[in-house]
Participant: 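I'd like to ask some things about the structure below.
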Amino acid sequence: MSEVVFDAVTKRFGEVTAVDQLTLSVQDGEFMVLLGPSGCGKTTALRMIAGLETVTEGELRIGDRVVNDVEAKDRDIAMVFQSYALYPHMTVAKNIESPLVARRFTVDGGGPPRKLTAAERSERVQQAATSLGLEELLGRKPAALSGGQRQRVALARAMVARPAAFLMDEPLSNLDAKLRAQTRIELVELHQRLATTFVYVTHDQVEAMTMADRIAVMSEGRLLQVGPPQAVYDRPHNLFVARFIGSPPMNTVPGTVVRTDTGTAVQLGGQTIGIEPVTAEPLAEGTSVVIGVRPEHLSVDPGGQVTAEVRAVEWLGHERLVVCDLAGHQITIRQSSSAQAVSPGDALTLAADPDHVHLFDPDTTERLN
Amino acid sequence: MGTDLNQPRWKRLTWYAGLTALGLVVLLPVYMTFVRAISQPRAYALAKQPPWPVHIEWDVFSRAFRDGDLGRKFLVSAVVTVLIVAGQMITATLAAYAFTFLRFPFRRALFFVFMATLMLPIEVTLIPNVQTIRSLGWLNSYPALVGPFLATAFGTFLLRQGFRGIPRDLLDASQLDGYGHLAFLRRVAIPVTRPVVASFGVISFLAAWNQYTWPRAVVTEGRWETIQIGLRNVSTQSADHNNVAFAGALIAALPIVLLLIFLQRQLVRGLTTGAVKG
Amino acid sequence: MSRRLRESLLGLALLVPSAIIFVWFFFYPLYRLFVMGLHQSNRTGTAERYVGWGQYSDVLTGHQFTEGVKITFTYVLYTVPLGLVLGVLLAVAANRRLKGIKVFQFIFSSTIATSVAVASVIFFVLLNPQIGYFSSIKFFSLANTDSALRGVALSSVWQNLGLTFVIVLAGLQAVPDEVQEAATLDGYGPVRRFFKVTLPLISPTLMFLAVVLVIFALQAFAQADILTQGGPLGSTETLVWKIFNSQQPIDQGVGAVMAIGLFGITLVVSLVQFLILDRRVHYGN
């Protein structure tokens with residue numbers, strides 16, 4: 001069993017709390033992405049799993065074991081670092097072999113952990129190298145490799161230990177865009193092939209969306225939401241998640257609740273939008289809310305309820321992004337290139353897809369509907 | 001700076017001329033010593049001391065070994081130097097490792113105290129140190145020649161700088177690979193900082209080989225003289241034989257000249273650390 | 001045993017070998033020096049009496065020490081400025097892209113290979129009153145009390161050339177080309193460029209070098225030992241020379257005080273370096 005469980009884990013560095021009461025279960029074999037801006041605690045959380053940071057409070061479990069006091073080398077994990085951390089003076093073969101030299105492994109079908117023999121080590125190295133296409137490069141030193149090759153060596157080094165969980169700290173950030181896209185696919189394939197738990201840290205929400213089984217969004221040391229990419233995208237639990245996921249980001253505009261004849265509505269600087277919020281309790285008149293709608297859920301519709309003035313049009317080839325001003329707030333609309341052209345200064349009437357309108361409390365930032 | 005190679009010819013020639021003149025001035029003292037070393041002294045004096053060799057005796061070098069017992073002195077210097085370099089490598093590496101990778105109480109204060117020894121040259125502490133040597137009966141021995149120099153603040157500083165330059169990720173990876181301290185030191189820390197270690201080794205060798213004041217103070221028997229303090233008898237030798245002493249000086253400089261030729265890069269790096277920022 | 005404790009013990013243990021040497025040959029002797037300075041021994045060292053701090057004031061103001069300080073400081077003045085200037089001269093001359101420049105750079109740095117003893121023998125060949133090639137040059141004559149120190153200093157200046165050259169060259173090479181090019185575009189000629197642009201940029205290096213050379217000069221001993229044996233008439237008896245020759249039990253008290261004096265001077269010089277260089281790092285760059 002290779003699940004990783006954070007049980008109310010807190011990490012403090014002196015006065016600073018880097019991770020605050022994190023409770024998260026990574027299922028066995030899952031591809032979990034820890035997503036958030038720099039400083040949100042995701043890397044610290046990852047390093048705690050690895051054993052490179054100690055746990056201040058709470059319990060951390062890998063498999064059935066509580067590993068708070070277990071040394072990094074005995075935790076049955078492997079890590080791929082952002083900068084790959086290859087030993088510059090060792091060949092690729094020696095680099096891949098390095099986790100096997102000093103650590104002990106359970107082989108012999110359940111016997112006590114022991115050191116591997118030279119033959120066993122060499123066999124594993126060959127296997128890992130072949131599966132990642134590195135056979136030709138085994139004799140080279142890291143300095144003679146390209147960025148993509150170094151990344152594969154780092155992966156091979158992680159694979160060779162056959163860990164219960166793979167930890168990855170922004171492994172794609174040092175690659176150029178094209179290589180990044182390619183490697184994303186390869187990593188997902190690798191995950192399927194190995195069927196092991198992957199815990200992956202990144203600040204890039206595209207990586208998270210495309211690779212994860214589940215995404216855990218973090219900010220300022222706290223876990224804000226965890227769920228499959230689609231769920232996090234369609235139903236963000238708070239403003240931060242709503243704005244962080246999705247590119248271009250969700251449009252968020254503040255307004256006030258008013259009661260109309262037809263029901264409840266939100267007033268945005270002179271314009272009124274009838275909405276059908278599904279909240280736990282009906283909203284009181286005068287409550288401040290924030291409405292969120294993603295750019296692709298806004299369309300130009302003569303029957304729409306709001307008017308906005310076009311400020312700029314960004315044409316991306318396959319689609320257009322129209323930046324507008326709505327009652328003093330900037331919003332973005334996604335249009336297909338074949339839609340009717342618009343120019344700056346035009347007044348547009350917009351409608352929102354009612355299934356994809358989000359309401360948030362501006363103070364608690366929590367979702368209301 | 002660096003002038004363009006495409007300067008007009010006359011300008012370049014002027015530079016070459018100037019540089020050659022400067023070079024000759026720098027080399028003149030060595031040249032004269034060489035001339036005097038291989039010239040038979042009496043013949044040289046009779047010829048009114050010309051700037052070229054007179055009555056060349058190439059065997060002066062082998063005579064230096066025989067008569068001046070240079071062979072023994074060379075050996076003493078060699079053993080002392082090797083012991084000092086080895087000792088410094090060990091003590092400085094251990095200390096630098098501790099200061100860089102381990103956490104212990106008073107770490108910063110202790111580092112400061114270590115560096116403070118840079119303020120205490122052996123010239124200052126000479127009298128009590130010689131007394132200590134005397135009372136231990138170590139006069140004229142390897143322990144005396146080597147003792148005070150087995151540890152080095154400069155070397156500790158240099159190696160610490162080197163260790164601190166090792167990227168954090170590499171430390172993490174080693175930790176995950178299960179390397180204990182010794183394995184990490186052997187497999188990662190030293191190989192990765194090899195340039196710094198080499199530079200330090202060269203500087204250490206240079207300083208140990210060239211020492212004068214301390215050996216002069218703890219050696220009273222000719223048998224135990226290092227090659228450097230053996231050179232001082234140039235002032236006591238008769239004018240008829242002093243070319244042997246001159247030859248001895250040239251021989252004494254030889255190992256370092258070889259160092260300069262083959263290990264120039266490490267030597268220069270060791271000397272310029274701390275002198276140039278960036 | 002907890003991991004923390006084990007790490008602490010290991011850390012301290014790794015310092016022990018160095019610490020033993022430092023205490024035994026550096027800190028303990030320093031303490032001994034202070035104590036010795038308070039005592040006076042007899043000729044054979046069998047008896048010792050306490051004389052108190054009075055010995056300190058006597059010796060530090062006394063003729064022997066002040067003479068030693070005068071000679072040593074003069075030595076500093078002879079060797080350091082000239083050494084710096086020559087080093088800069090050689091480095092500037094050799095810092096250009098000419099074919100074969102490496103040969104010149106090697107030649108200019110070659111005096112690094114000479115130890116003090118070797119340099120002294122070399123200058124014996126040049127300046128010894130009886131057989132020296134240039135012994136007739138009055139300015140550096142080792143036979144006169146006025147000029148002997150200059151002759152000895154010359155050997156040090158020559159010996160230091162290699163070191164100063166290497167360090168200043170490194171400093172020059174660290175000056176970015178763009179700065180020089182910008183100055184040229186601004187119309188600065190080579191001389192102006194050197195004084196207004198290059199020199200300020202290498203001044204931290206020069207200051208570091210100055211301190212190194214001063215400390216070398218303060219420790220001058222071998223040169224006097226080999227070339228002049230302190231003479232003529234004690235005109236080349238540097239502080240270290242005096243200390244070295246105070247090893248007899250009867251002289252040890254005085255010698256110890258002089259050694260403390262030297263220590264104090266070295267300390268002040270190092271502190272000055274620290275302050276000036278530190279200030280530079282904060283204000284400069």
Side-chain angles (χ1 to χ4, degrees), chain B residues 1-3 5 12 15 18-19 22-23 26-27 29-30 32-33 36 49 91 94-95 97-98 102-105 110 117 119-121 123-130 147-148 150-151 156 210 212-213 217 228 231-232 234-235 239 245-246 249 252-253 256-257 260 268 271-272 275-278, chain C residues 7-8 10-12 14-15 17-18 21-22 25-26 29-30 32-33 90 93 95-98 104 107-108 112-118 121-122 124-126 130-131 133 158 161 166-167 170-171 174 180 204-205 208 219 221-222 225-226 240 243-244 247 252 255-256 259 262-263 266-267 270:
Chain B
M1 215 138 88
T3 324
L5 269 161
R12 268 190 287 148
W15 275 118
L19 285 169
L22 285 173
V26 170
L27 289 179
V30 179
M32 286 311 302
T33 307
R36 296 296 297 265
Q49 305 195 340
T91 60
L94 295 180
Y97 187 87
L102 298 174
R103 248 169 289 188
F104 48 91
L110 281 170
T117 63
M119 307 280 147
L120 282 171
E123 286 83 357
V124 164
T125 53
L126 195 81
I127 298 176
N129 272 325
V130 174
L150 289 176
T156 306
N210 285 350
Y212 187 87
T213 309
Q228 303 293 341
L231 291 179
R232 81 181 187 290
V234 68
S235 52
F246 302 154
I256 309 296
V257 171
L260 189 60
V268 170
L271 291 174
T272 55
V276 179
K277 304 256 185 267
Chain C
E7 189 177 323
S8 297
L10 179 64
L12 291 170
L14 293 182
L15 294 185
S18 296
I21 303 290
F22 287 152
F25 292 107
F26 290 79
L30 182 63
R32 289 275 301 135
L33 272 180
L90 289 177
N95 183 32
R96 52 201 66 251
R97 290 180 218 125
L98 284 178
F104 289 106
I107 292 176
F108 292 165
I112 290 183
T114 59
S115 62
V116 203
V118 169
V121 172
I122 290 179
F124 183 95
V125 168
L126 297 181
Q130 279 80 50
I131 59 125
Y133 190 71
W158 180 80
L161 280 180
V166 164
I167 292 184
Q180 296 280 359
T205 306
F208 170 83
Q219 292 165 2
F221 169 68
D225 199 37
I226 294 180
V240 177
I243 292 171
F244 187 91
Q247 289 183 62
Q252 275 176 1
L262 178 61
F263 173 57
T266 311
L267 209 57
S270 305

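First the proteins, then the strands, lettered A, B, ... as listed; each starts at 1.
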Participant: Do B:Glu123 and C:Phe221 have side-chain heavy atoms sitting under 4.5 Å apart?
Facilitator: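 Answer no - side chains too far apart.
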
Participant: Return the option, out of C:Leu262, C:Ile243, C:Asp225, with the maximum number of heavy-atom pairs under 4.5 Å with chain B.
Facilitator: C:Asp225

Participant: Please determine, among C:Gln252, C:Gln219, C:Gln130, the option with the most heavy-atom pairs under 4.5 Å with chain B.
Facilitator: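 Between C:Gln252, C:Gln219, C:Gln130, the count favours C:Gln219.
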
Participant: Does a side-chain heavy-atom distance below 4.5 Å link B:Val26 with C:Leu90?
Facilitator: yes

Participant: Which atoms form the tightest heavy-atom contact between C:Leu12 and B:Pro105, and what is the distance?
Facilitator: CD2-O, 4.4 Å

Participant: Do C:Val118 and B:Gln228 have side-chain heavy atoms sitting under 4.5 Å apart?
Facilitator: yes

Participant: Which one, C:Thr266, C:Leu161, C:Ile131, leads in non-hydrogen pairs under 4.5 Å with chain B?
Facilitator: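 Ranked by heavy-atom pairs under 4.5 Å with chain B, first place is C:Ile131.
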
Participant: In terms of heavy-atom proximity below 4.5 Å to chain C, should B:Val130 be classed as side chain, backbone, both, or neither?
Facilitator: side chain

Participant: Heavy-atom distances under 4.5 Å only: say whether C:Ala256 touches chain B with side chain, backbone, both or neither.
Facilitator: backbone

Participant: Please classify the contact of C:Phe244 with chain B as side chain, backbone, both or neither, using a heavy-atom distance under 4.5 Å.
Facilitator: both

Participant: Evaluate B:Thr272 against C:Thr205 for side chain to side chain contact (heavy atoms under 4.5 Å, CB included), listing each step before the verdict.
Facilitator: CA-CA 9 Å; B:Thr272 55; C:Thr205 306; over 6 Å; no

Participant: Kindly indicate whether the side chain of C:Leu10, heavy atoms from C-beta on, has any atom under 4.5 Å from the side chain of B:Tyr97.
Facilitator: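 No, too far: nothing below the 4.5 Å cut-off.
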
Participant: Among C:Thr114, C:Ile107, C:Val116, which residue forms the greatest number of heavy-atom pairs with chain B at distances under 4.5 Å?
Facilitator: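 Among C:Thr114, C:Ile107, C:Val116, the one with the most close pairs to chain B is C:Ile107.
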
Participant: Side chain, backbone, both or neither: which part of C:Leu126 has a non-hydrogen atom closer than 4.5 Å to chain B?
Facilitator: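 C:Leu126 touches chain B through side-chain heavy atoms alone.
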
Participant: Do B:Leu19 and C:Leu98 have side-chain heavy atoms sitting under 4.5 Å apart?
Facilitator: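 B:Leu19 vs C:Leu98: side chains touch.
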
Participant: Sub-3.5 Å donor-acceptor pair from the side chain of C:Arg96 to the main-chain atoms of B:Trp15, do we have one?
Facilitator: no

Participant: Name the option with the most non-hydrogen atom pairs under 4.5 Å to chain C; the candidates are B:Leu126, B:Leu231, B:Thr156, B:Thr117.
Facilitator: B:Thr117

Participant: What part of C:Phe124 is in contact with chain B, defined as an atom under 4.5 angstrom from a non-hydrogen atom: side chain, backbone, both or neither?
Facilitator: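 Answer is side chain: those atoms of C:Phe124 sit under 4.5 Å from chain B.
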
Participant: Please classify the contact of B:Arg103 with chain C as side chain, backbone, both or neither, using a heavy-atom distance under 4.5 Å.
Facilitator: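 B:Arg103 touches chain C through backbone and side-chain heavy atoms alike.
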
Participant: For a quick test of reading the model, state the closest non-hydrogen atom pair linking C:Ala259 to B:Val124 and the distance between them.
Facilitator: CB-O, 3.3 Å

Participant: Does some side-chain heavy atom of B:Thr125 sit less than 4.5 Å from a side-chain heavy atom of C:Phe25?
Facilitator: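 The answer is no; the side chains never approach within 4.5 Å.
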
Participant: Would you check, one step at a time, whether the test side chain to side chain contact (heavy atoms under 4.5 Å, CB included) holds for C:Leu15 with B:Leu110?
Facilitator: CA-CA 9 Å; C:Leu15 294 185; B:Leu110 281 170; 3.9 Å; yes

Participant: Can you tell which part of C:Ser18 gets under 4.5 Å to a heavy atom of chain B, answering side chain, backbone, both or neither?
Facilitator: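 The answer is both parts of C:Ser18.
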
Participant: How close do B:Arg36 and C:Tyr133 get, heavy atom to heavy atom, and via which atoms?
Facilitator: NH1-N, 4.5 Å

Participant: Of all heavy-atom pairs between B:Tyr212 and C:Ala222, which one has the smallest distance, and what is that distance?
Facilitator: CD2-CB, 3.2 Å

Participant: Do you know which two heavy atoms are closest between C:Trp158 and B:Pro29, and how far apart they sit?
Facilitator: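 That would be NE1-CG, 3.3 Å.
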
Participant: For C:Val240, is it the side chain, the backbone, both, or neither that has a heavy atom closer than 4.5 Å to a heavy atom of chain B?
Facilitator: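 The answer is the side chain of C:Val240.
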
Participant: Search all heavy atoms of C:Pro17 against all heavy atoms of B:Leu94 and return the closest pair with its distance.
Facilitator: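 Minimum heavy-atom contact is CG-CD1, 4.2 Å.
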
Participant: Under 4.5 Å heavy-atom distance to chain C, tell me which part of B:Phe246 shows up: side chain, backbone, both or neither.
Facilitator: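 Contact with chain C involves both backbone and side-chain atoms of B:Phe246.
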
